[in-house]
Structures are given as structure tokens and as C-alpha cells.
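Step one of this worksheet: look at the structure below.
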Amino acid sequence: MIAGSSCKVTESTYNQFQCITSVNAGSRRRKRSAAQIEITINGNTVSGGSFTYDSSVTPTLSSISPSSGSPLGGGVLTITGSALGAKWGSVLVGEEKCSLLTWMDTKITCTIPKNNHGQHSVYVSVAANGYADTTGVDKFTVDFKVTDITPRVGSSLGGTRVRIEGKGFGNCSDVSSIKLGDLMSCDVDECSDTKITCTTKRIGKVITTNNGGKHPQYGLGYVWNPKEITIQPGDSVKWLWTLTTKSKTTGINVHQTDSSSSNEYNGKGFSSGEKKASGGLQETFTAPGTYFFSSDSVFGVDLFMPGKITVVGDAADTVLDLEVNMTDISAFHDLATGASGDAFSQTDCTVVDTFTCATAPTAADKFQFKSATCLTPDVTSLAISSGPKNASVPSWGFEDSELTITGTGFSSTACQNQITIGTAGHQCVVSSATATSLVCNVKGNPGNMEPLESLKNQQITVNVLNQGKAIMNLPNPDMAKFKLYPKIISTNIAEGSWAGGSILTLSGTGLLPRGGKEAVLVIFGEVGSQKSCAIVDVKYDYISCLVPDFLELKGVQTDLEVPISLEMGYKSENPVTASPLTFTYKSSLLATVDTMTPTKVTANTPVTITGTNLGTNIANIQVFAQSRSSVGRRRRSIPQPQEEIVPQPEKMHPFWKQFKTDSNGKPKWRCFGKNLDNGCKHDSVVQHVETETISRSKRSVDHEEWLRQLEKEDDEKVTFEICESGSSEDCAERLESLDDRNMHSRRKRSASEEDLIEMAL
């Protein structure tokens, strides 16, 4: 103690110690003040010597700028004063070090450090003279606090819209996380410096299982570990496996089954696809219930890998602490200030029904939120009431299908009930609502977002404002997912020329499957005489393709009606059609060209073409100055570049190197019978054993250009067919698409020119 104030010990040895003196508590009018030194160790106090406070050597601060800042720090703090000396000391803002930039006798600059909410003294330590006098300087203020949260109760599955009031949030770009304990996060919807509106979201856990379990007969690698898993709604299970095998018929996969005794995929739930030596799958579970899974037979015996997942909802309420964070700095909880008093209203619906079954937590030192089971709506039944795709799975349907959802905890105000499908949040528009029943219609292509993919199981979510998400307590948990099926309603043409080339447009709903354009196949004809209709475009409400040429199957037939079939999605499923799709090839629609005069033209030369079945509507006729055959002859006239043959040195299998060798380094053989010389030569003996060394060819730059020319020719051929037989709109769209592709191709070639040259070297 010095003059009755503590001296903070910083270093101590057997016979000495160092400490930092406190501010002199004596009269400031005295220029010098001697103070007695007292030392207390284990309750024993001794005194002796003295310490003199001298104002003439005391540095003084006169101002700091700025006087406030962000919790994350940053920016430059400027300190002015006197007697700060020329030798650099140190600066603290509260307990955090301010990194020095400059130091002069009357001015110091440093980088403002991160700091917690509150008012922090600025300490300047001057070499050999101690701390500067800060009595005339304001403290440095950091604002980052929470003053209220409303509501303080909500669904245990999240989905509750919450308003957080306070100060120092900025525009939330620096707010790294908002958490409600370890159970929920809160996704920001709107933000200002004093208010945050966010929606609670359950934090799902990921449970991993692998093939590390031990089979009683086949050992490690053929049993899931663990094989029985218990999780909560919103959690995920991740399967990982690997086998050391060279057999293509040995592998592992995982798929959902109907029971513990079944190993077959039920066709409705999750699946990893074909079995592989190594792979994985992750699936999120939102509906309580029991899910069985298995693999196919791992190899040629009945070796299956079954398992079970049990999803259990929360049994009791959970009180969660609120955290608003900027990196590792948490906002201060200011319970004394209280709420602003502003009404918390929902912008998209006037909340009429309120739910008061749960009481808000009332901690005295922090803000909390209660995850309440009684505020979690409960869905007990879900079915498509307007006609499902499959009666055995009444949650598979079409665009505008009507879903009827029954349960408890709903609102009788329609807009309070939000029903969405999939992670993107496609709406099922509510048409009627009671406390126990909701009816809505699926809208897969609202226009303001990407369309809903068909042929994919999509999670159904029911959210009641401002209560939160419902728990899907369905007898069959698979019913908690909706699968949109494609439906063909009409076609633009039903007949055309034997030479094809017309644009067929299939109109309907849900025609954009999982996998997009690449997962759509349109087929003309019966098995054995089928041709594909080249896909032009695939959208949610139509598929367009180029009718194939059937001339080679015409023979003496005048007309021929062929069936049209579609395969869509990764599982090659068929869309629903009102009636079988067919296309009739007709000779009466086959146009022919007999003559063209003149045969040699220049720019703006009139040309007369004669033929049959050319039509009379000028708008439907398009004439090109370049025929397909001439394109082919001119482009194909470019000779194919010769490939450079690079001979490979003859190699001998390492096995033969174990034996005694001749002068050529080849094994010696002992032979019997005639022609011993020839028969004992290594090359003759192993000519049917070792494979012949194959020369490799290396492409040149010319060869690469030749391949590009052929590709371009094929593009122009398809374009010619579209523009020759389709509408002007189809032609313009095709030409624009081709032009965009060529521009991209040119850019790509230009960027990789050095690589092509290197390839040729």
C-alpha cells in the first residue's frame, strides 16, 4: 500500500518486488506529496521508506478522439496531452492494448482495439514516469447491448419471429451470430442500429455412422456403427463407408425400407443409389417416427447391412440464454433500460390468434427465450384431397393439388398459417383455415423464384405466426414430404413431315425435373425403331424438341402414327398424360424442292424455287442461301490432320526379370523338340501372354481445330433444320443461343491457346 492505495504487484522475488502505483488520493493542490510504503504478507504488515508523488513529472491528457467506437475496434485513436515524452510507452483502452502508430511529447496515435460494451478509461503509460493524469478526459464508450427481446416464448422447432432491441447493432453486417442457447439460432430478417428482427431456427445436429461395425461371420466392415440411432426433429444422419476391394460387384449403398425385415428400397424415401466401394449419404429428418434402412447385398451372399433411426420430439420446455455476438464479443444484457414500447407487428399478416399456454422466463440478470412444446403446432394427418398421383402415397401430387392438413395449434386466420414446400420455400397457398384444419393449393411456379423441381421429395413445413413451426406427428413419417409429378396437358402439333425438323412443344406443369434438361428424354416410335427428339428447351411449363427424321422407315407407307414416350428425372419416370401421346408422319406434309434458278447468285439476286407442298403462306417459308450438303462438303473438305505417332519403348513385365537373361536382357528358356533356336526365344514363348505395346498418338493444334470445325458443322446442321421447319421465333432463339455459345467458345480457345501449343510440342 502507498498512501493508503494499493500498488498492483507485477513481479516478485525473494528479496524484492515491483508494483504499479495507484492514483494519488491526496489533495491535487499539492505539487509534491510523500507517502509511506506498507507491505502486508500473510496478515503481517511492515512499513518503511516513502514514495513521492510529484505533479511536475506527471504526464497529463487533454483529449481523445474519437470518444466512442465499435466493439470490433478499428480506426485510429488520437490522444493529446503534455509531458508524454519522446520514448514510446503503452496505451490501454480499458484492459485492451491500443497498438501504437505514432508517439510524440504532445500527441499519440494508436489503433482502437476490440472491447466489450461500456465506458473504458484510456491509460497512457509514459516511460519512467508512470501513468498520465486522465481526470480531464472523457472515457471511451463502446455501445453493444440488448435491452429487450419479444416474444420470449415460441415453438420448440423454431420459426418464431423475434424482435431484439438494444444499441450498437449497426446494419448487422458485423453481427456474426444470434443464438438461443445451443438449441437455436436466429436468422436476421431486418436490422437497424437499435432493432433486429429475426426468425428462430432449430440447430440440427449431424450424427455419423460408418461401416466400422463387426459382423459375426465376415468381421469388420459389414455392420453399421452405430446401427440404431436416436435423434430429434431437424437432426441429420450421415452414412460413410469404404471397402478395400477390386471387385466391381462388391460395394455398399443405403436406402430406406418399409420394415426391419425388408432389405429392398421402398421407392419413397432416401437412397444413395447403386452400391459402391466407398461413398456416403446425408439425410435430414423432420418428422418423428421410426425409419428403417438397409443396403443391397454387399457381395454374392445374403449379406445386408440393416439399421434403424428413431426421431423423437422434445418432451419438455427448454429455457435458452440469448446471445448476440460480434465474433467473440457478446452484447451486454441491459435489463434496467427495458423495452421501447413500440408495438411488434407482422408485415405480412395481422396476427389475430394469440397463444398463451407458456409463460416467459424471468431471469434477473439476462434475457432468455423459452422453447415451449405447447406452442408447437401438431400435424397429425396430411393428404392430397384433390386426387393424388398414387393412392398409396397420398402426398405425391401435381401443380395446384389441394392439400388438407389436420392437427392442433393452427390459426383460424388464414394468413397466419404459412405452408411451404422444399428448402426454397415454395408456397402452398392457404384457402381455408380453422384451429384444427388447413387447406392449401400447391404453387410450383410462382414467377418470383426458381420453379419447384419435380420428381424429388420435398419437405412440407407448417408455420403459424407468431408461434413457430409445427411438428409432423404423422402415422407414416414419409407423408411429411411432397413429390411434384410432371403432367403433360397438350402438344402444339400432332403430325408432320417424314423428314422431321418440326418443333414439338409439350405443354403442362412440373416439367422441370430434378437434374434439369439433361434428365429429360423424348422418344418417338416403338421399341426396335425408336428415335429421340433432340431437346431444345425445358421449362416448368413446357418441353420443346426437334422432331426426328423417319424417312428411312417410310418405305411404301403414306402415313405412319408413332407413339411418343418421355423419361424424366434420375429414375427415368414417366409424366402423367391425359391420353397417349402420338405423332403422325404424313407424305402429304413432306415438302420437296425440284429446281432453283439461277444456280449461281450474288448479293440481292432474286431466286426462284420450284417444288411440291411448299405451302402458300409466306410467313411459314424460310429460304437459306446455304444448303446442308454444301456446308458438309466445304467443312469436310478440310483434310484431317495426320496424327503424330509416338512409338513407345518395348517394355518387359517385371516378372521375367527374376530369371537368368541372355545378352539382350531377356530370360533364357529350355525347350524340347525341333526348332530349338526359335522355340527358345523369349518373344516366341510369351507372344500369347504379354500384351503388345501400343503406340500413342498425340494431337496437334491442327487436329484440335479440325475437331472444333466438325462440332461447329453439327451445330449449324441442327440450326438449319430448326430454321427450315420451325417458326421464326424458334429460329431466332436458336441463332441467338448458337451465337452466345460461339462467343464463349472463342473466349475459351483464346484463353487456352498456350495450352494447345504446349500440347503440340
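Heavy atoms only: backbone and side chains are in, while hydrogens, waters and symmetry mates are out.
Between His117 and Asp143, some side-chain heavy-atom pair lies under the 4.5 Å cut-off. Val122 places none of its side-chain heavy atoms less than 4.5 Å from the side chain of Thr134. Counting heavy atoms from C-beta outward, Lys145 and Thr337 have side chains that approach closer than 4.5 Å. Residues His426 and Pro446 have side chains in contact (heavy-atom distance under 4.5 Å, counting atoms from C-beta outward). Side-chain contact check for Thr461 versus Lys469: some heavy-atom pair is nearer than 4.5 Å. In this structure the side chain of Ile112 never reaches within 4.5 angstrom of the side chain of Val93, judged on heavy atoms. Under the 4.5 Å side-chain criterion, counting only non-hydrogen atoms from C-beta, Pro233 is in contact with Val311. Side chains of Leu240 and Thr242 form no contact here, defined as non-hydrogen atoms less than 4.5 Å apart.
In this structure, the separation between CG on Leu101 and OG1 on Thr109 is 4.5 Å, given to the nearest 0.5 Å. Once rounded to the nearest 0.5 Å, the distance linking CG of Asp138 with OG of Ser68 reads 10.5 Å. Rounding to the nearest 0.5 Å gives a distance of 9.5 Å between CG of Leu512 and CG of Leu452. Residue Lys238 holds its NZ atom at 12.0 Å from CD1 of Ile207, rounded to the nearest 0.5 Å. Atom NZ of Lys195 is separated from atom CD of Glu190 by 10.5 Å, given to the nearest 0.5 angstrom. Taking CG from Leu320 and OG from Ser371, the interatomic distance works out to 6.0 Å, rounded to the nearest 0.5 Å.
When the options Asp235, Asp314, Thr286 are evaluated for a side chain to side chain donor-acceptor pair (under 3.5 Å) with Arg202, the one that passes is Asp314. Of the candidates Asn466, Leu465, Asn417, Cys349 forms a side-chain contact (heavy atoms from CB on, under 4.5 Å) with just one, namely Leu465.
Legend: residues meeting salt bridge (charged side-chain N to carboxylate O under 4.0 Å, His left out) with Asp193, ordered by chain and number and at least two apart, are absent. In this view, Met104 and Lys107 satisfy the side chain to side chain contact (heavy atoms under 4.5 Å, CB included) rule, not counting sequence neighbours. Under the rule for a ring pair (Phe, Tyr, Trp, His ring centres under 6.0 Å), the partners of Phe51 that lie at least two apart in sequence or sit in another chain are Tyr53. Under the side chain to side chain contact (heavy atoms under 4.5 Å, CB included) criterion, Thr230 pairs with Thr310, Val312, not counting sequence neighbours. Scanning for ring pair (Phe, Tyr, Trp, His ring centres under 6.0 Å) contacts around Tyr131 gives Tyr123, with sequence neighbours left out. By the side chain to side chain contact (heavy atoms under 4.5 Å, CB included) test, Pro59 pairs with Leu84, Val126, Asn129, Ala132, sequence neighbours left out.
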Could you tabulate the donor-acceptor pairs under 3.5 Å formed by side-chain atoms of residues 178-186, not counting sequence neighbours?
none

Tabulate below the donor-acceptor pairs under 3.5 Å that side-chain atoms of residues 358-370 make, not counting sequence neighbours, or state none.
residue, atom, partner, partner atom, Å
Lys366, NZ, Asp321, OD2, 3.2
Gln368, NE2, Asp321, OD1, 2.8
Lys370, NZ, Thr359, O, 3.0

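Counted by atom type alone, Ser63 and Thr80 present one or more donor-acceptor pairs between their side chains at under 3.5 Å. Side-chain polar atoms of Thr135 and Asp133 form a donor-acceptor pair below 3.5 angstrom. Using a 3.5 Å distance cut-off with no hydrogens or angles, the side chains of Thr284 and Ser236 do pair a donor with an acceptor. For the 3.5 Å distance criterion, the side chains of Thr420 and Asn463 fail to qualify, holding no donor opposite an acceptor.
Note on residues 143-185: pairs passing disulfide bond (SG atoms under 2.5 Å apart), not counting sequence neighbours, are Cys172-Cys191. Within the structure, disulfide bond (SG atoms under 2.5 Å apart) pairs that include any residue of residues 54-100 comprise Cys98-Cys110 (at least two apart or interchain). Sorted by first then second residue, the side chain to side chain donor-acceptor pair (under 3.5 Å) pairs that include residues 87-101, not counting sequence neighbours, number zero. Screening residues 147-163 for side chain to side chain donor-acceptor pair (under 3.5 Å) gives Asp148-Arg152, Ser155-Thr376, Ser156-Thr376, Arg161-Gln346, Arg161-Asp348 as the qualifying pairs, with residues at least two apart or on separate chains.
Between Leu100 and Ile108, the shortest heavy-atom distance links the atoms CD2-CG2, 3.9 Å.
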- Message: Evaluate Ser330 against Asn325 for side chain to side chain contact (heavy atoms under 4.5 Å, CB included), listing each step before the verdict.
- Response: CA-CA 4 Å; Ser330 296; Asn325 300 313; 2.6 Å; yes
- Query: Going through the checks in order, is the side chain to side chain contact (heavy atoms under 4.5 Å, CB included) test met by Leu322 and Val146?
  - Reply: CA-CA 9 Å; Leu322 170 66; Val146 174; 4.0 Å; yes
- Could you walk me through whether Gln416 and Gln467 pass the side chain to side chain contact (heavy atoms under 4.5 Å, CB included) test, one step at a time? CA-CA 9 Å; Gln416 256 188 274; Gln467 208 173 327; over 6 Å; no
- Assess whether salt bridge (charged side-chain N to carboxylate O under 4.0 Å, His left out) is satisfied between Asp328 and Lys114, documenting all intermediate values. CA-CA 10 Å; Asp328 57 343; Lys114 294 195 299 184; 2.8 Å; yes
